[in-house]
A.B. asks: 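Mind having a look at this structure? Questions to follow.
These numbers come from the heavy atoms of this one structure, side chains and all, not from hydrogens, waters or symmetry mates.
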Amino acid sequence: QLQLVQPGGGLAQAGGSLRLSCAASGLTFSSYGMGWFRQAPGKVREFVTAISGSGVRIIYADSVKGRFTISRDNDKNTVYLQMSSLKPEDTAVYYCARSFDSTINVYSRAYAYWGQGTRVTVSS
């Protein structure tokens with residue numbers, strides 16, 4: 001059975017950094033694209049970044065480009081989100097997600113499975 005497990009998020013000050021991880025089980029990890037989405041209080045879930053199964057293709061939302069970095073370790077079945085230069089508006093629950101295949105997309109409907117979410121709070 002597929003599981004996407006996200007350890008606890010964290011609290012950071014504006015300008016600080018945090019790293020999120022998402023560990024997958026029950027699948028051939030490298031066969032699937034992985035994405036990160038976030039949902040701030042009172043807002044809809046939005047795309048943050050995604051990485052293809054091979055890691056060759058990566059896309060970022062404009063709001064995080066240059067500040068966030070996605071990576072994956074297919075040997076460890078884990079995808080990471082390194083967040084730097086954090087802003088208070090980055091405060092949200094962050095979700096990792098697995099796509100239906102090795103490709104990636106900015107739309108949540110392209111993702112078949114979701115992690116439980118982890119809360120990130122950035123103070124000003």
A.B. asks: Would Asn105 and Phe47 count as a side-chain contact (heavy atoms from CB on, under 4.5 Å) if you check the C-alpha gap in whole Å, the side-chain angles of each, and the deciding distance to 0.1 Å?
C.D. replies: CA-CA 9 Å; Asn105 199 296; Phe47 171 79; over 6 Å; no

A.B. asks: For Thr91, does its backbone N or O pair with a side-chain atom of Arg119 as donor and acceptor, under 3.5 Å?
C.D. replies: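 Not a single qualifying donor-acceptor pair exists.
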
A.B. asks: Are the side chain of Tyr111 and the backbone N or O of Gly33 linked by a donor-acceptor pair below 3.5 Å?
C.D. replies: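 Such a contact is absent between Tyr111 side chain and Gly33 backbone.
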
A.B. asks: Report the residues that fulfil side chain to side chain donor-acceptor pair (under 3.5 Å) with Asp101, sequence neighbours left out, ordered by chain and then residue number.
C.D. replies: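 Asp101 satisfies side chain to side chain donor-acceptor pair (under 3.5 Å) with Thr103 only.
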
A.B. asks: Please answer whether the main-chain N or O of Ser84 pairs with a side-chain N or O of Ser17 as donor and acceptor at a distance below 3.5 Å.
C.D. replies: no

A.B. asks: For the SG atom of Cys96 and the CZ atom of Arg38, what is their distance to the nearest 0.5 Å?
C.D. replies: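 Between Cys96 SG and Arg38 CZ, I get 15.5 Å after rounding to 0.5 Å.
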
A.B. asks: Using salt bridge (Lys or Arg N to Asp or Glu O under 4.0 Å), reason through Lys87 and Asp90 one step at a time and then give a plain yes or no.
C.D. replies: CA-CA 5 Å; Lys87 304 176 181 180; Asp90 294 320; over 6 Å; no

A.B. asks: For the residue pair Ile104 and Ile51, establish whether any side-chain heavy-atom pair is separated by less than 4.5 Å.
C.D. replies: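 Answer no - side chains too far apart.
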
A.B. asks: Is the closest side-chain heavy-atom distance between Arg72 and Tyr80 below 4.5 Å?
C.D. replies: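 The answer is no, as the side chains (C-beta and beyond) never meet within the 4.5 Å cut-off.
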
A.B. asks: At what distance, to the nearest 0.5 angstrom, does CG of Leu81 lie from CG of Leu18?
C.D. replies: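 Those atoms lie 9.5 Å apart.
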
A.B. asks: For side-chain contact (heavy atoms from CB on, under 4.5 Å), just list the numbers for Ser30 and Thr28, CA-CA rounded to whole Å, side-chain angles, deciding distance to a tenth of an Å, and then say yes or no.
C.D. replies: CA-CA 6 Å; Ser30 61; Thr28 305; 4.2 Å; yes

A.B. asks: Is there a path of hydrophobic side-chain contacts, each under 4.5 Å between heavy atoms, that joins Phe29 and Ile70?
C.D. replies: yes

A.B. asks: Do Ser52 and Tyr32 have side-chain heavy atoms sitting under 4.5 Å apart?
C.D. replies: no

A.B. asks: For side-chain contact (heavy atoms from CB on, under 4.5 Å), just list the numbers for Leu86 and Phe68, CA-CA rounded to whole Å, side-chain angles, deciding distance to a tenth of an Å, and then say yes or no.
C.D. replies: CA-CA 9 Å; Leu86 284 162; Phe68 290 12; 3.9 Å; yes

A.B. asks: With heavy-atom distances below 4.5 Å as the criterion, would you say the side chains of Ser124 and Pro88 are in contact?
C.D. replies: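 Side chain of Ser124 against side chain of Pro88, heavy atoms only: contact under 4.5 Å found.
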
A.B. asks: State, yes or no, whether a side-chain contact exists between Arg98 and Leu2 at a heavy-atom distance under 4.5 Å.
C.D. replies: yes

A.B. asks: Counting distance only, does the side-chain N/O of Asn74 pair as donor-acceptor with the main-chain N or O of Gly53 below 3.5 Å?
C.D. replies: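 Checked: pair present.
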
A.B. asks: For residues Phe37 and Trp114, establish whether the separation of their ring centroids is below 6.0 Å.
C.D. replies: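 Aromatic pair counts; centres sit under 6.0 Å.
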
A.B. asks: Using the side-chain contact (heavy atoms from CB on, under 4.5 Å) rule, take Met34 and Ser99 through it: C-alpha gap first, then chi angles, then the decisive distance, then the call.
C.D. replies: CA-CA 6 Å; Met34 298 293 296; Ser99 70; over 6 Å; no

A.B. asks: Taking Gln116 for the side chain and Gln6 for the main chain, is one N or O donor matched with an acceptor at less than 3.5 Å?
C.D. replies: yes

A.B. asks: Keeping the roles fixed (side chain from Thr118, backbone from Gly9), state whether a donor-acceptor pair exists under 3.5 Å.
C.D. replies: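 A pair under 3.5 Å: yes.
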
A.B. asks: Could you tell me whether the side chain of Arg19 reaches within less than 4.5 Å of the side chain of Met83, counting heavy atoms only?
C.D. replies: no

